[in-house]
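What you see is a predicted model, and the numbers here were worked out from it, not measured in a lab.
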Amino acid sequence: MTPARASGDVARKIFLIATEESGDRLGAHLMKVLRQRLGGAVRFEGVGGRSMAREGLASLFPIEQLSIMGFTGVVKQLPKILRLIRQTVDAVTQAEPDIVVIIDSPDFTHRVARRVRARDPSIPIVDYVSPSVWAWRPGRARAMRRYVDHVLALLPFEPEEYRRLRGPLCSYVGHPLIEQIANLRPGVDEQRRRDQDPPILLVLPGSRRSEIRHHMAVFGETLRLLREQGADFELVLPTMPHLIDAVREGVANWQIAPRIAVGEQEKKAAFRIARAAFAKSGTVTLELALAGVPMIGAYRAGPIEMWIALTLAKTSSVILANLVIGENVIPEFMQADATPEKLAPALRDVLEDTAQRRRQLQAFSRLDTIMATGSQSPSVRAADIVLATLRQSRKPG
């Protein structure tokens, strides 16, 4: 039987589940604010990575066990995934927490949430980071009402999408990138370098090994063609420490050798001096837009993943920055369209002072207003909603 929670002396028990590095960072910030709000009267259990461990979480299992990308990868690892889902559900129901917070990774976390709700409907469940119901499989939004009490949205257009799709209550808390704006935008000296020749061109082929594998050859060939066509540039490739071997292997055959910037600090420093970027479509496009770096986006994947994505997609763009801005200002090239012959001239368009480049910069200037969260940070807004949901909990006291 769960002990009474009315006394301020009794610690709240919060179960968090984050299985990817980005979710782990969100979870760590949330834990820090929750501890501040509850005066230390809180216990955390669940699944997380290194950041959440630093905030005191002992993870049920290493989240690296779930670093799987793509449909075929999921199929191969399905028995292990199902075992970890069962293990997590068992841990939740044994812990009898005051609330469960699932963070991103819907293929895993939502399967856990559905099973937890079936076993113990009294445990409130908050979903931090909305699945892309506005992009594909919109019926998921309505289905989520059965097992999610509140969705914490990172993107400003998502609450209206949940209302339209008749999903659970959804509130915009803000994207963590808005807390990084000062580190993304140039100072006086950095702006001077951004304006100097040869321009710094960023190349961002992906944040997963499979993405790097799919993009490196076409990115390298595009850059070779761009140079052959007379464009001068200095190439910088930001990446993370765990991907450095894959990146070095991928650039080994490039005719133009990039400077490889490793880690978050070096990446942001490169963003602050970059004139333009050649990026794999994804979250990084929003980061670049906030940094004021015009770009083109390209995306290649395995044939099964791409067929599923193109068949089910419900949006006019796969580039996150375009969706947030509400206008397709960043050119995107998918699969068969992502050829050096098409990519090179589009990339030159954003390197030079063209109408395309000016249009992007004008659109990027609106992002601060579009993504504003007032005086509170995203993690504070998220924590306040978690606590409000906990206090309204159906869990017996």
Side-chain angles (χ1 to χ4, degrees), residues 21-22 25 175-209 211-212 215-216 218-220 222-224 226-227 231-252 254-299 319-321 330-331 343-344 346-353 357 360-361 364-365 367-368:
E21 196 172 316
S22 58
R25 289 193 296 270
H175 200 285
L177 282 175
I178 64 179
E179 297 181 271
Q180 298 295 320
I181 285 176
N183 293 324
L184 289 169
R185 293 178 181 167
V188 174
D189 290 342
E190 291 160 330
Q191 184 64 51
R192 190 176 297 119
R193 178 61 190 96
R194 182 178 277 192
D195 295 336
Q196 285 175 351
D197 292 326
I200 301 289
L201 174 61
L202 300 179
V203 57
L204 298 135
S207 58
R208 299 174 186 268
R209 292 180 185 277
E211 294 171 343
I212 292 169
H215 293 109
M216 289 303 261
V218 70
F219 276 36
T222 298
L223 295 164
R224 181 197 63 79
L226 183 64
R227 176 65 58 81
D232 192 18
F233 52 86
E234 183 180 323
L235 200 61
V236 178
L237 194 161
T239 192
M240 292 296 116
H242 67 285
L243 296 171
I244 189 69
D245 291 341
V247 166
R248 284 180 175 148
E249 181 182 344
V251 303
W254 285 14
Q255 290 191 16
I256 306 168
R259 175 171 69 83
I260 299 175
V262 182
E264 277 295 324
Q265 285 190 332
E266 288 192 23
K267 182 184 84 169
K268 288 183 172 64
F271 277 36
R272 293 193 297 269
I273 60 174
R275 179 88 58 87
F278 182 14
K280 186 232 90 181
S281 301
T283 304
V284 74
T285 61
L286 184 58
E287 196 169 2
L288 288 164
L290 286 166
V293 181
M295 75 200 86
I296 67 168
Y299 189 78
I319 291 180
L320 184 57
I330 300 165
L343 292 165
L347 194 49
R348 188 164 189 165
D349 247 4
V350 294
L351 264 174
E352 299 176 354
D353 184 19
R357 178 181 174 84
Q360 287 195 32
L361 289 170
F364 297 167
S365 70
L367 280 170
D368 287 8

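Interatomic distance, Glu352 CD to Arg357 CZ, rounded to the nearest 0.5 Å: 10.0 Å. Rounding to the nearest 0.5 Å gives a distance of 10.0 Å between CD of Glu211 and OG of Ser281. Taking CD1 of Ile260 as the start and CD1 of Ile244 as the end, the distance is 4.5 Å to the nearest 0.5 Å. Expressed to the nearest 0.5 Å, how far CZ of Arg227 lies from CG of Leu201 amounts to 9.5 Å. Rounded to the nearest 0.5 Å, atoms NZ (Lys268) and CG (Asn183) are 6.5 Å apart.
Between Leu184 and Phe271 the shortest heavy-atom distance is CD2-CD2, 3.8 Å. The nearest pair of heavy atoms linking Ile319 to Pro331 is CD1-O, 3.7 Å. Summarising the geometry of Leu243 relative to Gly206, their closest heavy-atom pair is CD1-O, 4.3 Å, with the distance given to 0.1 Å. Listed here is the closest heavy atom pair of Gly292 and Pro294: O-CD, 3.4 Å. Taking every heavy atom of both residues into account, Ala321 and Ala289 meet most closely at CB-CB, 4.0 Å. Shown here for Arg275 and Asp195, the closest heavy-atom pair between the two residues is NH2-O, 3.1 Å.
The pair Glu264-Lys267 meets the salt-bridge criterion, with a side-chain N (NZ, NE, NH1 or NH2) lying under 4.0 Å from an Asp/Glu carboxylate O. Using a 4.0 Å cut-off between a side-chain N of Lys or Arg and a carboxylate O of Asp or Glu, Arg25 and Glu21 qualify as a salt bridge.
At least one side-chain heavy atom of Ile296 sits less than 4.5 Å from a side-chain heavy atom of Leu343. Contact check for Ile273 versus Gln196: no side-chain heavy atoms found under the 4.5 Å cut-off. The shortest side-chain heavy-atom distance between Val203 and Phe233 does not fall under the 4.5 Å cut-off. Leu288 is not listed as a side-chain neighbour of Ile330, based on a closest heavy-atom distance of 4.5 Å or more. Between Leu226 and Arg348, the closest side-chain pair of non-hydrogen atoms falls below 4.5 Å. Side-chain contact check for Val262 versus Val247: every heavy-atom pair is 4.5 Å or farther apart. Side-chain contact between Val251 and Met216: present, with at least one pair of heavy atoms (C-beta onward) separated by less than 4.5 Å. When side chains are defined from C-beta on, Asp189 counts as touching Arg192, because their heavy atoms get closer than 4.5 Å.
Proximity of a side-chain donor or acceptor of Arg194 to a complementary backbone N or O of Ala274 within less than 3.5 Å is detected. Under a 3.5 Å cut-off, the side chain of Arg185 and the backbone N or O of Leu290 do form a donor-acceptor pair. No donor-acceptor pair under 3.5 Å is formed between the side chain of Arg193 and the backbone N or O of Arg272. In this structure, the side chain of Glu266 does not engage the main chain of Pro238 through any donor-acceptor pair within 3.5 Å. When atom types are taken as modelled, the side chain of Arg208 and the backbone of Ile212 share no donor-acceptor pair closer than 3.5 angstrom. At distances below 3.5 Å, not a single donor-acceptor pair connects side-chain atoms of Gln191 with backbone N or O atoms of Val188.
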So Leu202 and Met295, side-chain contact (heavy atoms from CB on, under 4.5 Å) or not? Walk me through it. CA-CA 9 Å; Leu202 300 179; Met295 75 200 86; over 6 Å; no
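When each of Phe278, Trp254, Tyr299 is checked for a ring-ring contact (aromatic ring centres under 6.0 Å, His included) with Phe219, only Phe278 meets the rule.
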